[in-house]
There are 2 protein chains.
Amino acid sequence: MRPIAALALVACARTTVVPPPAAPTTSTAVPEAPDSGAMALVRSLSDEAGPRLAGSRGDALAVAWAERTMRAMGFANVRAEPVRVPRWERGEERGAITEPFERPVVLTALGGSVATPPEGVQAELVEVDSLEAIDALDPARVAGRIVFVYRVMRAAEDGAGYGETVPVRVRSAARAARKGAAAVVIRSVGTGPQRIAHTGAMRYEDGVARIPAAALSAPDADAIHRLLAGGAAVRMRLQLGCRALPDADSANVVGEVPATRGDEGVVLLGAHLDSWDLGSGAIDDGAGAAIVLSAARAVRERVAERRRSVRVVLFANEENGLAGARAYAEAHRGELARHVAAAEADAGDGRVVSLGWAGDPAARPRFERLLRAVAPWGVRPDDEPAHGGADISPLVPHGVPRLSFGQDMTRYFDHHHTVSDTPAVVDPRALDQAVAVYTAALTELVTMDGDFGRAPVPPPEAHR
Amino acid sequence: MRPIAALALVACARTTVVPPPAAPTTSTAVPEAPDSGAMALVRSLSDEAGPRLAGSRGDALAVAWAERTMRAMGFANVRAEPVRVPRWERGEERGAITEPFERPVVLTALGGSVATPPEGVQAELVEVDSLEAIDALDPARVAGRIVFVYRVMRAAEDGAGYGETVPVRVRSAARAARKGAAAVVIRSVGTGPQRIAHTGAMRYEDGVARIPAAALSAPDADAIHRLLAGGAAVRMRLQLGCRALPDADSANVVGEVPATRGDEGVVLLGAHLDSWDLGSGAIDDGAGAAIVLSAARAVRERVAERRRSVRVVLFANEENGLAGARAYAEAHRGELARHVAAAEADAGDGRVVSLGWAGDPAARPRFERLLRAVAPWGVRPDDEPAHGGADISPLVPHGVPRLSFGQDMTRYFDHHHTVSDTPAVVDPRALDQAVAVYTAALTELVTMDGDFGRAPVPPPEAHR
């Protein structure tokens, strides 16, 4: 079936000669983008697959959804490329302050944490504000206690507060364990005043005790911080039922919009298919998947003369392992030299406000053309070298040129990695603007005369 | 101690002759209000008492907090007036869709609900959009099933969406039970896209089966609605561990700012001290308590010549019984004729945008003076007869004049009755504006020449 369907779609693409999308004509007023259908994709993925942490039943549903949806949207060469993924389950969890009074708190295990004993860990809190402050603690003060890392993340259009704060989430457990702590709790790495907890990946270190790690909702962390600041001794009970399971099968799902004139390489547009388990992965990363699928569909329908193919890759296991990204780079090692550009949409539903790149500096004029194509949508140049996204990172050592579509992330971290990551928090108008920007850029990428060459390969420690 | 302390405070009030607050001089630009200290009160009540449903340990902590705080703020005649209150506990609760797939949902029991059996109620959902639609259901379709009432509340400055939707919360269980339903779940009566569930009071009817009743978070209700609209049969498992307990002791906490010149009656400013159990009652009704306490303190400090006394009443059990309101009306029956005005602050932390009244129409010019006093803060007249608030309702049959301070409630129902009702969602600037408006009105009320007379008593069925 597959080759025939693919041929039919190519034929269809050739005969569907729709004029390119009318770019807005003035740069002074940014227009509203037309309905791209992206919101319907977000709802469909969230409803039909739901929470989909790597290796879970939802993850398998998502793979099936992606294959079905790509075929229905007219993609060619749709396939699920197998990926072996780690598996972790949350289980039951709860916490409470037990002194100076008994009161439940909202918390959630960090991804990868070990469980507590069934009766929980109950101990006094020791507050610090950074990893360095953990390192400076006297082990005598920490032994058997729960280290509470109170660090407030700031909201910012470029999401920079996340990078500033996320090391606390990733590394506090190992750092506190070195001092003899029984467990670690952090203020959620997120923004917004809601009493919901933000999960996300953490890592243990070899040779260091593995202690339970959880994130408190911001209001709970703030209240505990006030109690401690007022001189109270605060004790907490923490019960986490999470566990690691044997590795499982998942897949990267790939679909293509083939070139129609010549064969000048592959433009890779990625997003990730997995999500954290608390919400239904609407902004992270249903939105990204919807953006790249919709933009590729628009190019298939509207751009008849394509020198290059578009490859949409919905990666497995971005959230807790990057196994999908590594598997893609390995499986396609032989054709990475033909990857002329790669970008991942993994920044939610916000409007695209900036565009950056990494390529051969001699090809800068071609990037300038791209900038002119997206400028009418209110997109400004980003002068930082493009990273491209977590799932693109294994392509960096191969010199694959990258693009970074900078989305407005001011409110993204209000919902990301929480129970509230559902279609209800997605702004369909912003999503449509992002699709319009990706479509304009992709149109240029598949039609332009020449490409970005190869991107400089940074020294190994700068990868990811 | 108490009489001596009260005398000392009166003396203090007499000697603290601070000029009245400088009213803003232009009506075109609404000024920022000064820091009233109200935010600190909200934090202190939320942190020190926390969740405080009637009769709970938090409720007792709140009574102690109120007495302590009123004394520290310089109120006179501070006392806890005993109230016998109903008691209900939430216990453990959870829910999941079980078909067309297994997926947890966020829900919470409605206040007063009975429990499910420990293994839960598991049944197919039957969706309706109103109480009338429940009444129109064929019992054969409902018997043993779970009625799902899908009705979306709208956000509005005056909070009108709540009154339109809350009958669904209060009455769906009894209406569905009449048709033989096993349980009822509703879309949360609240606004906002967060995946949190809104609790609130519901009522059973005599002679009708008592079935479990819960509210689903809006995103969960929306997803189920989409599944049902797509033709799926949806089954749900609902486990509620809530229970009613014997009545318990609580109290209305009362404090006064005595008159300093003559004795022309009592101005009652109320708020409620209890809260739902999910959050820490910051906007509902820590904010209201902070507003009336702060306004009364400001008048004590700044208005030396007071013809009338101010009585702040922090009512018990507003959320699930109104026992405090009834106890106050009963205990003070003999002096209700001396209550020259009453108002309750129970609309959160929003800015005051309107002021309404109910009094002797002949006293309208005095209300107009009040309007002029608050107009510089951006307050417009409200022409509807003032209700005054739930805790004021037992005073209505006694002809006590009421004031309604209409606050901006556009975002109030995003948080109200949820886990997210914490100090983190309170806007200190808006709260200070509300204090400034209450202070301006209260200044006029304790100093004006003459009063509002008696308010018309509406026919009994219009009470509450």
Side-chain angles (χ1 to χ4, degrees), chain A residues 40 43-44 46-52 56-58 60-61 90 92 94 96-97 100-106 152 191-197 217-230 232 234 277-280 282-283 411 414-415 418-427, chain B residues 40 43-44 46-52 56-58 60-61 90 92 94 96-97 100-106 152 191-197 217-230 232 234 277-280 282-283 411 414-415 418-427:
Chain A
R43 284 203 192 95
S44 146
S46 290
D47 289 354
E48 294 171 35
R52 47 191 182 278
S56 67
R57 184 161 173 277
L61 290 172
R90 180 168 307 280
E92 297 287 316
R94 70 180 66 201
I97 298 172
F101 37 65
E102 174 91 18
R103 195 173 300 166
V105 294
V106 173
V152 178
T191 52
Q194 297 288 337
R195 194 166 172 222
I196 53 181
S217 85
D220 285 294
D222 294 349
I224 292 168
H225 173 71
R226 287 193 296 266
L227 283 169
L228 289 165
V234 179
D277 56 326
L278 295 172
S280 63
I283 56 166
R411 299 267 58 93
D414 288 6
H415 314 297
T418 74
V419 291
S420 282
D421 182 1
T422 77
V425 300
V426 174
D427 176 354
Chain B
R43 284 203 193 96
S44 144
S46 290
D47 289 353
E48 294 172 36
R52 48 191 181 276
S56 67
R57 182 158 175 279
L61 291 172
R90 181 169 306 280
E92 297 288 316
R94 71 179 66 201
I97 298 172
F101 37 66
E102 175 91 20
R103 196 173 298 166
V105 294
V106 173
V152 178
T191 52
Q194 297 289 337
R195 194 164 171 224
I196 52 179
S217 85
D220 285 293
D222 294 350
I224 292 170
H225 173 71
R226 288 193 296 267
L227 284 169
L228 290 165
V234 179
D277 56 327
L278 294 172
S280 64
I283 55 167
R411 300 268 56 96
D414 288 6
H415 315 296
T418 76
V419 291
S420 282
D421 182 2
T422 77
V425 299
V426 174
D427 176 354

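Reminder, nothing fancy here: chain letters follow the sequence lines and each chain counts from 1. Hydrogens, waters and symmetry mates play no part in the numbers below; they use all other heavy atoms, side chains included. Predicted, not measured: the structure shown is a model, and the values here were computed from it.
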Could you give the distance from CD (A:E92) to CD (B:E92), rounded to the nearest 0.5 Å?
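So the CD of A:E92 and the CD of B:E92 are separated by 8.5 Å.
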
Roughly how far apart are A:T418 OG1 and B:R195 CZ, rounded to 0.5 Å?
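The distance works out to 9.0 Å.
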
Please flag which part of [X] lies under 4.5 Å from any non-hydrogen atom of chain A: side chain, backbone, both or neither.
X      : result
B:I97  : neither
B:S46  : backbone
B:A232 : neither
B:P423 : side chain

Any residue meeting salt bridge (charged side-chain N to carboxylate O under 4.0 Å, His left out) with B:R57, in chain and number order, not counting sequence neighbours:
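Salt bridge (charged side-chain N to carboxylate O under 4.0 Å, His left out) check on B:R57 returns nothing, list empty.
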
Are any side-chain N or O atoms of B:R43 and backbone N or O atoms of A:A223, one a donor and one an acceptor, separated by less than 3.5 Å?
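Checking the backbone N and O of A:A223 against the side chain of B:R43, no donor-acceptor pair under 3.5 Å is found.
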
Mind ranking B:P51, B:G192, B:A218 by heavy-atom pairs under 4.5 Å with chain A and telling me who comes out on top?
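It is B:P51.
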
What part of [X] gets closer than 4.5 Å to chain B, counting heavy atoms only: side chain, backbone, both or neither?
X      : answer
A:S217 : neither
A:I196 : side chain
A:A221 : neither

Residues in side-chain hydrogen bond (donor to acceptor under 3.5 Å, both in side chains) contact with B:D47, at least two apart in sequence or another chain:
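Residues passing side-chain hydrogen bond (donor to acceptor under 3.5 Å, both in side chains) with B:D47: A:R226.
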
Any idea which heavy atoms bring A:T422 and B:P219 closest together, and the distance?
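Scanning both residues, the minimum pair turns out to be OG1-CB, 3.3 Å.
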
